[in-house]
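Working notes, beginning with the structure itself.
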Amino acid sequence: MSSSGNVTHLSQPCIYGDFVSPHAERKSGFMKWLNKLLKGGSSRGSVSGGNPPQFIGDESMVLRAPVRSLDNRTRSDKEKEELDRAIALSLAEGLRKPNGYGWQPGNDNNDLAKSHQDDFHPSYPPYVPMGYRVCGGCNRDIGYSNYLGCMGTFFHPECFCCRACSYPITEHEFSLSGKDAYHKSCFKELTHPKCEVCFQFIPTNGAGLIEYRCHPFWSQKYCPAHEHDNTARCCSCERLECVNVRYISLGDGRSLCLECMESAIMDTGDCQPLYHSIRDYYEGMNMRLDQQIPMLLVERHALNDAIVGEKNGFHHLPETRGVCLSEEQTVPSILKRPRVGGHRLVGMRTHHQKLTRRCEVTAILALYGLPRLLTGAILAHELMHGWLRLKGYRNLNPEVEEGICQVLSYMWLESEIMPGLKNMPSSSSSSSSTSKKGGKSRNENKLGEFFMHQIAHDASPAYGGGFRAANAAVNTYGLRRTLDHIRLTGNFPL
């Protein structure tokens, strides 16, 4: 968008001219003078050769009446000279009037009719040298055609065109950006931001400024009102629902966009291969989990109930997507994958499962209906909680524990999106289960980049600040030395 300092909105900026259409006042004076000239010979000497220069409009074109003696010319030469001088003087007189030599579309017929009422003599073309005006659009001589003057040059009316649509500008107002002219409507269409939710021009606020919201990753621009008008937002990628796209309702107050729905994991059975692949990833990092920790996908309300019953741990607010349980609880897990009916999920079945504490970790719970990479990032985070508890890391402050868990989640996403980076092991089983068509889609990779962006830019002190401190320590000292330092001191190495 062009900056506001380079854009000029002009109101009636053009000087319109017409070398053909006569004006009643100019022609009437000229015809009277011409009649007097043709009727008698005494009037031919009434125009003095010492008259001052005559200026045509604003263009500094000088037409000086020629000075000649009267004793060595024929009668026909003298009459021709007087006629030329009369035409020039009449034209100069018309252009010196307050309204100038103006041309407006549609008024030629009225002017012509009025001139015929004054006299019945035919009109004469004005005396203007050929090639004096050159069209700024086609670079051809304007000659005796209609013209308009604008931006310090002249144009044929059909050559003064909008830079955006290439059609002639005939309105009295237009927009100017640098040296380019636009229809006002075309300029607004070109530069005024449109809402990507309702597809309308984003309105101005009370101060007359264009105010909009923009997602920091997806760059989705939208009206501020959509944050409060119940517009659906994807629970995974955070993009707002557009008017021409319907999101899928998960039935627990969450909505899922179609791109996230492509790789969504809907029940515990479907999630088992992903869960085992993440456990294999931990083993590849020499962080083997000695206990088989149960994993369940649950609905939103079931996860919230489990969090209330869990006395340990620190939870991400306002939305928690996973939890590592250490208390005995009964949790309704999703048993049957629901199917899409219209824009809702139907046919879901749940199974109440009693979780018995056999070690420091009872189970890992995660929300159902999230994309594969987001589900995997949640499981990698919660598995790190389980690993820390099983290995005797106790009484860690939230910034340290949540920070190092976020680092493992980030590293797993990194290995999935960019295999081989930093020599991190990528699970072959997870890669083979990603897509039956072979490899992750471009949309899924973009989602993975977004989830990494969320982790890196989290604003919370524990999850965001903790991750940045833990990631700096791991990049400096390595994961193993960082974990050893946490075991000894409870803090990250400096």
(message) Can you classify the ring geometry of Phe450 versus Phe217 as parallel (below 30°), tilted (30 to 60°) or perpendicular (above 60°)?
(response) tilted

(request) Just say parallel, tilted or perpendicular for the rings of Phe154 and Tyr147, cut-offs at 30° and 60°. (result) perpendicular

(request) Would you check if there is a donor-acceptor pair between the side chains of Asn443 and Ser441 at a distance under 3.5 Å? (result)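 No pair is found: no donor N or O on one side chain lies under 3.5 Å from an acceptor on the other.
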
(request) Determine whether the side chains of Asp229 and Thr231 contain a donor N or O and an acceptor N or O closer than 3.5 Å. (result)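 Yes.
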
Under 3.5 Å donor-acceptor, [X] side chain and [Y] backbone:
X      : Y      : result
Gln220 : Leu240 : yes
Tyr393 : Leu483 : yes
Trp387 : Tyr282 : no
His453 : Gly448 : no
Ser277 : Leu274 : yes

Where do [X] and [Y] come nearest, in terms of heavy atoms and distance?
X      : Y      : result
Tyr368 : Arg254 : O-NH2, 2.9 Å
Ser255 : Ala232 : OG-CB, 4.0 Å
Leu258 : Arg246 : CD2-O, 3.9 Å
Tyr182 : Ser177 : CE1-CB, 3.9 Å
Gly369 : Leu256 : O-CD2, 3.1 Å
Leu370 : Thr375 : O-OG1, 3.2 Å

(request) Quick one: list whatever passes salt bridge (Lys or Arg N to Asp or Glu O under 4.0 Å) with Arg481, sequence neighbours left out. (result)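 Partners of Arg481 under the salt bridge (Lys or Arg N to Asp or Glu O under 4.0 Å) test: none.
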
(message) Run the salt bridge (Lys or Arg N to Asp or Glu O under 4.0 Å) test against Glu238 and tell me which residues pass, sequence neighbours left out.
(response)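 Applying salt bridge (Lys or Arg N to Asp or Glu O under 4.0 Å) to Glu238 gives none.
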
Above 12 or not: heavy atoms from other molecules or residues under 6.0 Å from [atom1] of [X]?
X      : atom1 : value
Leu488 : CG    : yes
Arg468 : CZ    : yes
Arg487 : CZ    : yes
Asn244 : CG    : yes
Tyr212 : OH    : no

Does a salt bridge link [X] with [Y], judged by any charged N lying under 4.0 Å from a carboxylate O?
X      : Y      : answer
Lys391 : Asp290 : yes
Lys184 : Glu171 : no
Arg239 : Glu259 : yes

(request) Working to the nearest 0.5 Å, report the span between SG of Cys257 and CD of Glu262. (result) 8.5 Å

(request) Measure the spacing between OH of Tyr275 and CD1 of Ile293 and express it to the nearest 0.5 Å. (result) 5.0 Å

(request) Test Asp252 against Arg300 for salt bridge (Lys or Arg N to Asp or Glu O under 4.0 Å), laying out the working first. (result) CA-CA 6 Å; Asp252 55 3; Arg300 192 182 200 179; 5.2 Å; no

Side-chain atoms of residues 198-209: list all donor-acceptor pairs with protein atoms under 3.5 Å, sequence neighbours left out, distances to 0.1 Å.
residue	atom	partner	partner atom	Å
Asn205	OD1	Ala207	N	3.0
Asn205	OD1	Gly208	N	3.2
Asn205	OD1	Leu209	N	2.9
Asn205	ND2	Glu211	OE1	3.4

